[in-house]
Protein chains: 2
Amino acid sequence: MDHIDRTLLTHLQQDAAQSYAALGQAVGLSAGAAHERVRKLRERGAIRRTTVEVDPAAVGGAVLAYVMVDSVSWMGDSAEAFAALPEVLEAHVIAGSASVLVKVRTATTEQLQDVLRRIYAIDGVSGTQATVVLETFFERPVSPELGAG
Amino acid sequence: MDHIDRTLLTHLQQDAAQSYAALGQAVGLSAGAAHERVRKLRERGAIRRTTVEVDPAAVGGAVLAYVMVDSVSWMGDSAEAFAALPEVLEAHVIAGSASVLVKVRTATTEQLQDVLRRIYAIDGVSGTQATVVLETFFERPVSPELGAG
DNA sequence: TCTGAAAAGCGCTCACA
DNA sequence: TGTGAGCGCTTTTCAGA
């Protein structure tokens, strides 16, 4: 994982549909060499998959909220319970008073309320504190340049 | 945006490198028709871009934290100040006592501390409350099937 | 809006350095 | 780990329905 690899990752994050010739030119390599490096980045798992970025508002996810989930028992193996709710995009075990932090997207605040009800129904959950987002400044992928430290 | 479009989006999220022939077969259309639908999804902005999913841990982002940022003044036009910090992956204006919620990834907790210092230096910021993630259950893209309501 | 086919471009693999 | 070239497949386009 050198500077060239990080630059390749940055360019692929911006546009994964570009040709290997263009990608190679951006880092001063031939198309074949760029292809080989990207193949290895996939092999190592640094690149997980090629995907498309979907506008949340276009598919019924205009309302964004973060929910602190309090519990009375250990939530360490409740991943599936949260994953079963399609509106829950992220679920993390956190340090602090609450035990799980989840990111939720719904079309309306009524649907958000329904998701909170379904979270509350999960075994061990004793309460929820929802924080509704009024405006999103930006959402962006992790910068490979952080690795340059 | 009908059922076919939502299915196309779901398949593209899973693998944007597959052929239009395979994509069309998944929804019962010819490659040409699938191509035309995807082209329109891009045109409308439902698909923002084709990208790669990068493993955060592979590029110096192993530590994840959410930070509530309190302020003494209106933070509505401080988007650039947060965007200038590469470790800040998301920044949202929120309802509630704090005024901005940010998602941060760093390699170490020492670097997280440094990011908090730089956030504190932003004009109007009066305090930060960081919540460190101990374990991530999952992080996934918005489900196009939400739109089926 | 779809199908089917033709043309142009690219991915992938190879021999070689 | 790199280059450059070839074959084969895919993207992209278009006429027709």
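First the proteins, then the strands, lettered A, B, ... as listed; each starts at 1.
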Salt-bridge criterion met for A/D2 and A/R37 (N-O under 4.0 Å)
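Salt bridge flag = yes for A/R37 with A/D2.
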Taking atom types as modelled, is there a side-chain donor on A/Y66 or A/Q129 under 3.5 Å from an acceptor on the other?
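No, no side-chain donor-acceptor contact under 3.5 Å.
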Pairing donors with acceptors under 3.5 angstrom, does anything connect the side chains of A/R105 and B/S143?
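Not at all, the side chains of A/R105 and B/S143 share no donor-acceptor pair under 3.5 Å.
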I'd like to check the ring-ring contact (aromatic ring centres under 6.0 Å, His included) partners of A/H11; sequence neighbours left out, ordered by chain and number.
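A/H11 satisfies ring-ring contact (aromatic ring centres under 6.0 Å, His included) with no residue once adjacent residues are dropped.
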Rounded to whole Å, please give me the gap between [atom1] in [X] and [atom2] in [N].
X: B/L29; N: C/dG4; atom1: CG; atom2: P; result: 11 Å
X: B/K40; N: D/dT12; atom1: NZ; atom2: P; result: 16 Å
X: A/E36; N: C/dC16; atom1: CD; atom2: P; result: 18 Å
X: B/L23; N: C/dT3; atom1: CG; atom2: C1'; result: 17 Å

Keeping A/S30 on the side-chain end and A/A33 on the backbone end, is there a donor-acceptor pair under 3.5 Å?
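Confirmed, A/S30 side chain pairs with A/A33 backbone.
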B/H35 side-chain N/O to D/dT11 phosphate OP1/OP2 under 4.0 Å:
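For D/dT11, neither OP1 nor OP2 has a side-chain N or O of B/H35 closer than 4.0 Å.
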Can you tell me if the side-chain N/O atoms of A/R39 get under 4.0 Å from OP1 or OP2 in C/dT13?
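No, A/R39 has no side-chain N/O under 4.0 Å of OP1/OP2 on C/dT13.
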State which of C/dC2, D/dT1, D/dT3 makes the closest approach to the side chain of A/S30.
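The closest nucleotide is D/dT3.
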Aromatic ring pairing B/H35/B/Y20, orientation class (parallel under 30°, perpendicular over 60°, tilted between)
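Taking B/Y20 first and then B/H35, their aromatic rings stand perpendicular (interplane angle over 60°).
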Tell me which residues in residues 10-21 of chain A lie within less than 4.0 Å of DNA chain C, going by non-hydrogen atoms.
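Heavy-atom cutoff 4.0 Å gives A/Q18, A/S19, A/Y20.
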